[in-house]
Amino acid sequence: MHFIEWYPRGYGVAFKVKEKLLEIESKYQKIELYETEGFGKLLVLDGTVQLVTEGEESYHEPLVHPIMLAHPNPKKVLIIGGGDGGTLREVLKHKSVERAVMVEIDEKVIEVSRSYLGIDKGAFDDPRAEVIVGDGIEYIKNTEEKFDVIIVDSTDPVGPAKMLFSEEFYKSAYNALDEKGLYITQAGSVYLFTEELLDAYNNMKKVFDKVHYFSFPVIGYASPWSFLVGVKGEVNFKEVKVNRAKDLNLLYYDPERHETLFQMPKYVKDLLEGKA
Ligand code: AG3
């Protein structure tokens, strides 16, 4: 038995699976869960791989730690999406964090993750965490709070999450950042969603004071995977405070080699920089 996610152009990512543990239709999407042969449990939303429990850190670490370590003192963090709790868990590893708000639209993703995956490792019950079931777009538009860091851990920039990659959404995010703030979003497969990556990058450039891009190989995704960082004010994303990384127990992202993040295949770099 196997599970395959098909990307555009007939490219696929497959896992051999021992059994299907669950398939439910929530109000928002189809949620599937499998026991894989080699990578623990596999969470799938609307046919797209979200994570495997043995390897999810290859996504959550580059999503969370580069911006947390580049920010001078991140106290308040907002997470949009991230219902499995992996992002929240990594955020709360930072001692400076006083408050982390997570806004996930689909309650079922939280429930399924809590009962079957356990990757939050207690993060949902941390007193610094506030978990809100709701629409992140509305939340960010209406909140009066200012955050040091905003992390978007959503599904792909196609389909229902497309709004999260729009200029309008970036404007609300910019307003919800403190005067020095960092924003990050996953932005899809470098090779297979290049157009979406370019669109998101160009939209972010209209709003943020500076925009950075990087890529990282993620287990279970058609890698390399892209990430976009928006800066408000003066924060240098090219440098991280390595001494704050000591207790993070990292497996994939290496703050000592932060500069290696910025590798991107040449033709993609040329497209992003308008040289192609
Ligand atoms: N959220 C990003 C999922 C993107 C994967 N896309 C795909 N497989 N086509 C992951 C959720 C983990 N917290």
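Values in this document were obtained by computation on a predicted structure and should not be read as measured data. Order of listing sets the numbers, starting from 1, for every ligand and every atom in it.
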List, one per line, each side-chain donor-acceptor pair under 3.5 Å for residues 267-276, sequence neighbours excluded.
unit_1: D270; atom_1: OD2; unit_2: K266; atom_2: NZ; d: 2.6
unit_1: E273; atom_1: OE1; unit_2: K275; atom_2: NZ; d: 3.2
unit_1: E273; atom_1: OE2; unit_2: Y213; atom_2: OH; d: 2.4

(message) Quiz question: by atom type and distance under 3.5 Å, do the side chains of Q29 and D106 form a donor-acceptor pair?
(response) yes
(request) For K206, look at atom NZ and say whether over 12 heavy atoms of other residues, nucleotides or ligands are found less than 6.0 Å away. (result) yes
(message) Does Y221 form a ring pair (Phe, Tyr, Trp, His ring centres under 6.0 Å) with Y59? I'd like the steps, not just the answer.
(response) CA-CA 9 Å; Y221 298 178; Y59 170 81; 5.5 Å; yes
(request) Give the protein residues with at least one non-hydrogen atom closer than 4.0 Å to an atom of ligand 1, ordered by chain and number. (result) E5, Y7, T48, V49, Q50, Y59, H60, D84, D153, S154, D156, Q186, Y221, W225
Output side-chain donor-acceptor pairs under 3.5 Å for residues 224-237, partner residues at least two apart or in another chain, one line each.
unit_1: W225; atom_1: NE1; unit_2: Q186; atom_2: OE1; d: 2.7
unit_1: S226; atom_1: OG; unit_2: A187; atom_2: O; d: 3.1
unit_1: S226; atom_1: OG; unit_2: G188; atom_2: O; d: 2.8
unit_1: K232; atom_1: NZ; unit_2: Y174; atom_2: O; d: 2.7
unit_1: K232; atom_1: NZ; unit_2: L177; atom_2: O; d: 3.0
unit_1: N236; atom_1: OD1; unit_2: K238; atom_2: N; d: 2.9

(message) According to side chain to side chain contact (heavy atoms under 4.5 Å, CB included), who are the partners of L251, at least two apart in sequence or on a separate chain?
(response) E57, E61
